[in-house]
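Structure record follows, encoded as structure tokens.
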Amino acid sequence: MELPEGYRPEIIEGAIEVSPTRRYSHGQIVFMLRETLAEFLKDGDFAARNDTNVIHENRAWVPDLFVVAKDPERYVTDDGLGLTAAAVRVVFEVASPGKRSLDRDRVRKRREYARAGIPVYVIIDDYDGQGAVTLFSPAPAPTRPTGRTSTGSPTAPRSPFPRGPPRGW
């Protein structure tokens with residue numbers, strides 16, 4: 001299948017989804033988050049990555065950003081197309097505007113990442129009122145937020161991540 005320039009495919013819940021490339025603000029959020037995570041993770045065993053296929057049971061996604069082992073070669077798929085979902089410790093998606101895009105990020109990708117066993121999914125959603133960051137993790141249920149805060153809020157929900165230097169996820 002040949003795509004128009006500026007579009008990328010993903011397989012989400014068994015269907016091919018074709019998305020346009022991101023807006024500048026989307027890219028800036030991903031860039032700033034990656035820079036922050038790189039600094040936070042620099043002395044640990046994990047690294048932030050993007051623009052890489054994550055594959056699970058014949059499904060493929062290209063998360064905006066994710067955290068994997070610094071040395072993920074053992075998780076490269078046999079065909080070399082990407083990394084298996086088992087390598088991924090956390091996925092970050094920056095929501096895109098439009099009902100279809102928001103549904104993909106807020107609902108369908110959330111279910112897919114949970115089915116693949118990815119422990120943490122974070123949605124940075126600038127299209128949810130004043131903006132929100134929502135964290136999903138397996139407990140209590142992967143379909144309900146574990147924590148959620150408005151981007152302008154001075155307080156945030158209790159984080160599942162330990163304080164101090166990164167030692168692992």
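Values below: every heavy atom of this structure, side chains too, minus hydrogens, waters and symmetry copies.
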The reported gap from NZ in Lys70 to CZ in Phe46 (rounded to nearest 0.5 angstrom) is 10.5 Å
Verdict with supporting geometry, Val67 and Val88, side-chain contact (heavy atoms from CB on, under 4.5 Å): CA-CA 6 Å; Val67 173; Val88 179; over 6 Å; no
For a 4.5 angstrom cut-off between non-hydrogen side-chain atoms, does Val90 reach Val122? yes
Quick check for you: to the nearest 0.5 Å, what is the distance between Asn53 atom CG and Thr84 atom OG1? 12.5 Å
Any Lys/Arg nitrogen of Lys42 or Glu39 sitting under 4.0 Å from an Asp/Glu carboxylate oxygen of the other? yes
Listed partners of Val107 passing side chain to side chain contact (heavy atoms under 4.5 Å, CB included), at least two apart: Asp103, Arg111
If you measure from CG on Asp105 to OG1 on Thr134, what distance do you get to the nearest 0.5 Å? 11.5 Å
Carefully, step by step, assess Arg34 and Asn50 under the rule side-chain contact (heavy atoms from CB on, under 4.5 Å). CA-CA 9 Å; Arg34 183 176 175 162; Asn50 60 339; 2.6 Å; yes
To the nearest 0.5 Å, tell me how far His26 NE2 sits from Phe31 CZ. 14.5 Å
Specify the closest pair of heavy atoms between Pro72 and Val68, including all atoms of both residues, with the distance to one decimal. CB-CG2, 4.3 Å
Taking C-beta and beyond as the side chain, do Ile123 and Val133 meet within less than 4.5 Å on heavy atoms? no
Only counting residues at least two apart or in another chain, list the ones meeting side chain to side chain contact (heavy atoms under 4.5 Å, CB included) with Ala38. none
How does the hydrophobic cluster around Leu81 look, that is, which other residues are in it when side-chain heavy atoms under 4.5 Å mark a link? Ile55
Those residues that, when tested against Arg49, pass side-chain hydrogen bond (donor to acceptor under 3.5 Å, both in side chains) (two or more places apart): none
So, for Ala48 and Leu65, which heavy atoms are closest and what is the spacing to 0.1 Å? CB-CD1, 4.1 Å
Pairwise distance CZ(Arg106) to CD(Glu93) - rounded to 0.5 angstrom: 13.0 Å
Calculate, to the nearest 0.5 Å, the distance between atoms CG and OH belonging to Leu135 and Tyr121 respectively. 11.5 Å
Under the salt bridge (Lys or Arg N to Asp or Glu O under 4.0 Å) rule, what do Glu112 and Lys109 come out as? Steps first, then yes or no, please. CA-CA 5 Å; Glu112 286 285 283; Lys109 278 191 174 182; over 6 Å; no
For Glu73, check salt bridge (charged side-chain N to carboxylate O under 4.0 Å, His left out) against everything at least two apart and list the hits. none
Does atom CG (Asn58) have a neighbourhood of more than 12 heavy atoms from anything else shown, all under 6.0 Å? no
Shortest non-hydrogen separation from Thr52 to Pro63 and the atoms involved: O-CD, 3.8 Å
For Ala85, which residues count as a side chain to side chain contact (heavy atoms under 4.5 Å, CB included) partner, sequence neighbours excluded? Val54, His56, Trp61, Ala116, Ile118
Keeping the roles fixed (side chain from Arg89, backbone from Ala86), state whether a donor-acceptor pair exists under 3.5 Å. yes
Candidate pair Leu83 and Phe66, rule side-chain contact (heavy atoms from CB on, under 4.5 Å), full reasoning: CA-CA 11 Å; Leu83 297 172; Phe66 59 97; 4.0 Å; yes
